[in-house]
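Structure record follows, encoded as structure tokens.
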Amino acid sequence: MRTFIIAFKVLLFFTILTGFVYPLLITGIARVIFPAKANGSLLFRDSRVVGSELIGQQFDSAIYFSSRPSAILYNPLPSGGSNYGLTNVRLKELVQIREHKFHSFNQLDSLVKIPSEMLFASASGLDPHISPRAALLQVDRIAKARNFNALSRLKLINCIRELTEGPQFLCLGEERVNVLLLNLETDKIQ
Amino acid sequence: MIPQDFIQIILFIAILIGLTPILGTYMEKVFTGKKHVMLPVFGWLERLIYRFAGVDPVEESNWKSYTFSLLMFNLIGIVFLFLFQISQAYLPLNPAHLPNVSWHSAINTSVSFVTNTNWQGYSGETTLSYFVQMTGLTVQNFVSAATGIAVVLAVIRGLSRKSTTKIGNFWTDLTRSTLYVLLPLSVIFAIVLVGQGVVQNFKAYETVLTLQGTQQVIPMGPAASQIAIKQLGTNGGGFFNANSAHPFENPTPFSNFLQILAIFLIPASLTYLYGKMVGSARQGWAIFSVMLIMFLAGLSISLYAEYSGNPVFGHLPLMEGKEMRFGITNSVLFSTVTTDASCGAVNAMHDSLSPLSGMVAMINMMLGEIIFGGVGAGLYGMVIFIILTVFIAGLMVGRTPEYLGKKINAFEVQMAIIANLATSFAILVFTAWASVSSYGLAGLNNAGPHGFSEILYAYTSAAGNNGSAFAGLNANTLFYNLTLGFVILVGRFGVIIPVLAIAGSMAGKNITPASSGTFRTDNWLFIGLLIGVILIVGGLTYFPALSLGPIAEHLLMNNGVSF
């Protein structure tokens, strides 16, 4: 019985300490030093929230760069991947369909190799990034859909170059472009 | 692979080796009662807990009452976590108005978080309120890891003391682990994570109108504080369903690097603490070497499997279930580390890994989560294999086996075997049951051998207290919640109780001074023997099961077969 009371009191103490004080302390510090990040890295346009820099969005319109395929169609409740194994026939079919669609949507020659992230769904279903190459392959289609002249098309390519993030600290992770940021910039081009 | 891939892996290993003695030395100060930096900061808090709970910090107990305290503490933890979940609709901090959790899911989750497993049959963002995530889950993230450290401290005392029945005080071990090790590291780590973009707030979910004009509801919450301890305490239970693949949970390659490092940090440092406390740093480094070698072997196989092409997809990089910012190398590094340690956080969907990479993940868990392993759990699991190795080596040369000057007798070997059999029995029996029953097969997401792998992975993860999953399996059903919950309990306490029994029995023995005839346990010969015993005793048990799952799948895939 004595052990029971000690166990109960110790748990109560740690519940207060690590269950309330600790998260509140972190929230407090975070709010002071990283307010935007702590609140979800939200992006605003005309003082209206258009999304989070970190959370990808579904883009299927011809005037926007497409994001990666998503098993949850970019609905974050809840996040997740397809969980298809490599021997799942459904995955094989999906990859073929996506490959065909990417070629025809972007009017690419069927010999052009498509970056694999555009054929496979991400882990979170919310992946905000694609490779710079996957973005470049979409430039002509977007320029055409937006009736861009040669100068605007060049600006579009410039956007991709400017928004390309290299490996962090030169060695961590992969080269990538944030699709939502890229599309926001695209909207600004005249 | 390109040079940059190798640089990331080498950097990871170098920093891990560098930090091991630093944190190890600090922990040695904490747990042997010396002066240390956190004492002026949290010393008053430690004294306050003892006064509040009525604990006498100098009173030590024998192994039975140590075990009893531990079990009682965990039992109360399970009950409370269960009650929080089934009543969350009436509790505060529930801005998304989530309903009460079903009773069987609540049992599963309580058992899973109290035992440091953090298997998740539910999706965090659509199931649990901020209140439950904080006061239920975050708390257990801390104390379940501290429980693991407590057990390993008891084992170390059992090995280094002589002719006593006392193996320590559970409450002081628990308190010091939490206050001086887990909490300070978590505070620093959580703030760094927010700096990279992990959310930390109490806001309601944000509804946004996307560029294309559709609605997207973005979940929020106090995530960073939970994710920090989830990694450091090798817990692994994600705040969000996609775990560390979710951009809010792991936003950048740097946050990813730190999360991988955080998984191994404490388990690796504990080997150093072990060496110091048993009186020979070499003993600790020998264990560290075994772990590092086995980690590198698994990582190499896994990388090879992911980077080699197959007839189904040719030489396309296999990005299914992986995130662009991490790429393949960081996903495989994460999957190897998280299954070596019993963490279970994931930054890629293991279900979509190539068959051999998935198999490496399973083997890592099947060996008993001893390749660095869970916080505390990895090291005491390794002690079991050391006892078996010393015993087998003793049989071969015809001497009474000894470890650290203590004779190993029938009792210790029996306990070691019980600990070993408990988990393998649980994995194989329940996998077999689920594979032939309709309620087991109902949850599958993939056909063919991969479907079997999903079931095998689930019970392996539960028994190893890992918590990662081949997540296609829908395990939030009555059958899986209850059977997996049971296997989790067997995998945790079926090991902890025998291990504490060993600690108690070893504490009572005398220490024979080392002589020229002593079988050394700190050289390369022993490292080789130990790896051999781990592979043969721990691994071979599962070979038939693996043949039916990942091995069959690999061979079929290489012949272009799909299901």
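What you see is a predicted model, and the numbers here were worked out from it, not measured in a lab. Each chain gets a letter, A, B and so on, in the order its sequence line appears, and its residues count up from 1.
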Over all atoms of both residues, closest heavy-atom pair of [X] and [Y]:
X	Y	value
B/Glu125	A/Leu77	CG-CD2, 4.0 Å
B/Val561	A/Thr87	O-CG2, 3.8 Å
A/Cys171	B/Leu11	SG-CD2, 4.1 Å
A/Lys37	B/Val194	CB-O, 3.5 Å
B/Pro247	A/Ser124	CD-OG, 3.7 Å
A/Tyr22	B/Ser186	OH-CB, 3.4 Å

Which value, rounded to the nearest 0.5 Å, describes the distance between [X] atom [atom1] and [Y] atom [atom2]?
X	Y	atom1	atom2	result
B/Asp5	A/Glu174	CG	CD	6.5 Å
B/Ile227	A/Ile26	CD1	CD1	12.0 Å
A/Thr27	B/Asn201	OG1	CG	7.5 Å
A/Asn83	B/His450	CG	NE2	8.0 Å
B/Asn445	A/Tyr84	CG	OH	6.5 Å
B/Asp56	A/Ile6	CG	CD1	9.5 Å

Under 4.5 Å heavy-atom distance to chain B, tell me which part of [X] shows up: side chain, backbone, both or neither.
X	value
A/Leu43	neither
A/Asn183	both
A/Ile29	side chain
A/Glu175	backbone
A/Arg31	neither

Between [X] and chain A, which part of the residue has a heavy atom less than 4.5 Å away: side chain, backbone, both or neither?
X	value
B/Glu249	neither
B/Val217	both
B/Leu193	neither
B/Thr178	side chain
B/Phe170	neither
B/Glu454	side chain
B/Leu209	both
B/Thr126	side chain
B/Gln140	side chain
B/Lys203	side chain
B/Met72	both

Pick from [options]: which one has the most heavy-atom pairs with chain B under 4.5 Å?
options	result
A/Asn39, A/Val89, A/Leu24, A/Leu11	A/Asn39
A/Gly85, A/Gly81, A/Gly125, A/Ala30	A/Gly85
A/Gly40, A/Gly80, A/Pro69	A/Gly40
A/Ala36, A/Pro128, A/Pro23	A/Pro23
A/Leu184, A/Ile72, A/Leu12	A/Leu184
A/Ser41, A/Pro167, A/Ala123, A/Gly173	A/Ala123

Using a heavy-atom cutoff of under 4.5 Å, enumerate the residues of [range] that contact chain B, numbered in order, or state 'none'.
range	value
residues 13-20 of chain A	A/Phe13, A/Phe14, A/Thr15, A/Leu17, A/Thr18, A/Gly19, A/Phe20
residues 45-65 of chain A	A/Arg45, A/Arg48, A/Val49, A/Val50, A/Gly51, A/Ser52, A/Leu54, A/Ile55, A/Gly56, A/Gln57, A/Gln58, A/Phe59, A/Asp60, A/Ser61, A/Tyr64
residues 91-121 of chain A	A/Leu91, A/Lys92, A/Val95, A/Arg98, A/Ile114, A/Ser116, A/Glu117, A/Leu119, A/Phe120, A/Ala121

Given the rule in the ring pair (Phe, Tyr, Trp, His ring centres under 6.0 Å) test, do B/Phe257 and A/Phe169 qualify, once you have shown the distances and angles that lead to the verdict?
CA-CA 11 Å; B/Phe257 186 81; A/Phe169 310 131; 9.3 Å; no
Return yes if a side-chain donor-acceptor contact under 3.5 Å exists between A/Gln168 and B/Gln196, otherwise no.
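There is such a pair between these side chains.
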Is any side-chain heavy atom of [X] less than 4.5 Å from a side-chain heavy atom of [Y]?
X	Y	value
B/Val312	A/Leu86	no
B/Met324	A/Ser131	yes
A/Pro76	B/Gln216	yes
A/Leu172	B/Asn256	no

Restricting to side chain to side chain donor-acceptor pair (under 3.5 Å), what partner residues turn up for B/Ser225, sequence neighbours left out?
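Per chain and number, B/Ser225 pairs via side chain to side chain donor-acceptor pair (under 3.5 Å) with B/Gln200.
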Is it true that, when you exclude A/Leu170 itself, more than 12 heavy atoms of the residues, nucleotides or ligands shown sit nearer than 6.0 Å to its CG?
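Counting neighbours around CG of A/Leu170, 12 or fewer heavy atoms of other residues, nucleotides or ligands fall under 6.0 Å, so no.
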